[in-house]
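Working notes, beginning with the structure itself.
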Amino acid sequence: MSGRRKPRTAKSPEAKRSTGTRTNTEEKQTKTFEEQAANFNPPASGARPKKCGAPAKVKLDEEIKKDPKKTTASGARPKKCGAPAKVKLDEEIKKDPKKTTTATTAQTKPNVNCTASDANPETCGTKTKSPVDEKDNIISTIYKDKCAAEQPESTLKGKKGMTQLQMKQLSHDDSKKADDVKKTELRTTLNATLENLKIRMKEKSKASEVINKLEKVILKHLRSETIWFRQVEEPLHTGSYYENLKISNPDEFDIMFPIPVQRIDIQPFTEDGAFYVVSLKRGYNPLKRFQEDGKPLPASEILQDFRQEVIESIKDFPGVSIDRKKRGCPAVTLNIKVESRDISLDIVLCLVVQSSWPDFTSDGLKIEAWLGRKIKKDYKFKPYYLVSKYEGNGNDERDGILAKDCWRISFSHVEKEILKNHGSVKTCCEKDGTHCCRKDCLKLLKHLLSLLKEQDKSFAKFCSYHVKTTFLHACCSRTNDSQWAAADLTQCFEQLLIDFEKHLESRQLNNFFIPAQNLLSGCSQKSCKSLALRIKKEREEGFPIFKC
DNA sequence: AACCGCTAATTCCG
DNA sequence: CGGAATTAGCGGTT
């Protein structure tokens, strides 16, 4: 059989990492990357832990000006509402006529959609308040129509004198009706938000063309021009873009460059099992060059060298700039402007270790009930990765080892596969299978967090990895696909928020793979509480933040 | 190592 | 809705 979807029962999950070479975009010429005065800074969404705290700058979106007629009210995502001006309708409603028939007619009116819901992080809370009202008006218009069409008899009858019991019943019906209206409204909001979070194909195409080219250049350099990194394996595409979870813009790419290591000795550096001290044992490895006798592999030194090589490899690539080295960041971050948009590419050096996972992981990855024992076993046969990353002060010392010389364990390859194969039933979200709303829920929560971070800088330490982890735990506690039915998006999303609030209130969110690591330990009690409250508020008020 | 062919996921478009 | 287009990913062939 061919094709990439492996059946659930696939054997040898490991194997052919190094065979795939993608050449599809290689031949195309990369256009020169136009420099434009207007500056565009991506939202700090999708940030992984390493990026926590990165300030999100306010952007100017030059395209707003380009399309005055459409974007006057909507402001935020001009390219969506812009050119084709054909924002898609609520898919669910269309697919599921029986559920939401009442709202369909109103929604199919084209003018509703473009102005509706503008979910851009930058504009929220900074400027353009007008869209809110406009959308609200539209929505309420929809529901006025709907109610008028639906329940005239009951309301009219009520006025012609009835028993008290009947009246009571009536008001009960009314409140139920109002509840339904609210639910439908919520659904509309979420769907419109999701619509606006979609990555446009043109953007994706342009961005990936450049990124793939960059990757190729770097890989080639590492393999043929370096000594220490020439064993680098086929790059690993991780992060939200490659998980199909990127929202709003294709402006963040994560690529890991794995260096194989055979026999190593790893010792936990921290009590939570997230950081390790690594030493190469006997056997040849170019990286041994960095390792002094009796000492461990110095992550920071290797990273520094790697960084130089990356810089060297892209020196002829037009329009690339390199971020100043950030403390505690496992990556070399390249920035490149594509069609006036800034794209960042995180290049992560990592060691790939093909042996059993450290003991700290033994209580993690509790996916048996959700995905099955077999899948779990397959995952645990995969290698694990060690990325050069330290936290806090790199000069902190423990047993004579500097924090900056230890390695953080990473399972992003497994995260990616889980996200791709996320159903308890194999056919979940396949072409002819049942669709679930897991990914949509995750996208919405990511978006919500990035909007809240925009609003309140005290939330800077929260990142999308918190969201992702919450989501993975949620999948483990609601394992059945029917608990994530596409039609139940609003309930599922709300429940996911409740989960998140609980983690925040208790300030306890365990790493999905390493339960001993509390991902919220770096966040203050106060900020956790306040974020939980803030999310609760949005949830209870029907997500006004999505409507601005 | 380069290329091809297939499939999946997603967006676009009529 | 259904098909085209596009990126991504896998495996096989040359």
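The structure displayed is predicted, hence computed values, not measured ones.
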Can you tell me the distance, in whole Å, between the CD1 atom of A:Ile255 and the P atom of C:dG9? 10 Å
Rounded to the nearest angstrom, tell me the gap between atom CZ in A:Arg230 and atom C1' in B:dA1. 16 Å
To the nearest Å, how far apart are A:Tyr242 OH and B:dT10 C1'? 15 Å
B:dA2 C1' sits how many Å from A:Glu234 CD, rounded? 12 Å
Taking C:dG9, B:dA1, C:dT7 as options, the one with an atom nearest any side-chain atom of A:Arg223 is B:dA1
Rounded to the nearest Å, what distance is computed from the CD1 atom of residue A:Ile211 to the P atom of nucleotide C:dG9? 13 Å
In whole angstrom, what separates A:His237's NE2 from C:dA8's C1'? 9 Å
I'd like to check the side chain to side chain donor-acceptor pair (under 3.5 Å) partners of A:Lys288; sequence neighbours left out, ordered by chain and number. none
With respect to the side chain of A:Glu430, which nucleotide from C:dA8, B:dA9, B:dT11 is positioned closest? B:dA9
State whether A:Ser205 places a side-chain N or O below 4.0 Å from either non-bridging phosphate oxygen (OP1 or OP2) of C:dT7. yes
Is any side-chain nitrogen or oxygen of A:Lys439 closer than 4.0 Å to OP1 or OP2 of B:dT10? yes
Rounded to whole Å, NZ of A:Lys204 lies from P of C:dA8 at a distance of 6 Å
With a 4.0 Å limit, can you tell me whether A:Asn212 has a side-chain N or O closer than that to the phosphate oxygens OP1/OP2 of C:dA8? yes
Mind checking whether A:Leu444 and A:Leu496 have side chains closer than 4.5 Å, heavy atoms only? no
Whole-Å distance separating the NE2 atom of A:His422 from the P atom of B:dA8: 14 Å
Can you tell whether the side chains of A:Lys547 and A:Glu185 come within less than 4.0 Å, N to carboxylate O? yes
Side chain proximity check, A:Thr427 to A:Asp432, heavy atoms < 4.5 angstrom: no
Which part of the nucleic acid, if any, lies within contact of A:Lys220, taking any heavy atom under 4.0 Å across all strands shown: a base, the sugar-phosphate backbone alone, or nothing? nothing
Among all residues two or more places apart in sequence or in another chain, which pass the side chain to side chain donor-acceptor pair (under 3.5 Å) test with A:Lys315? A:Glu312
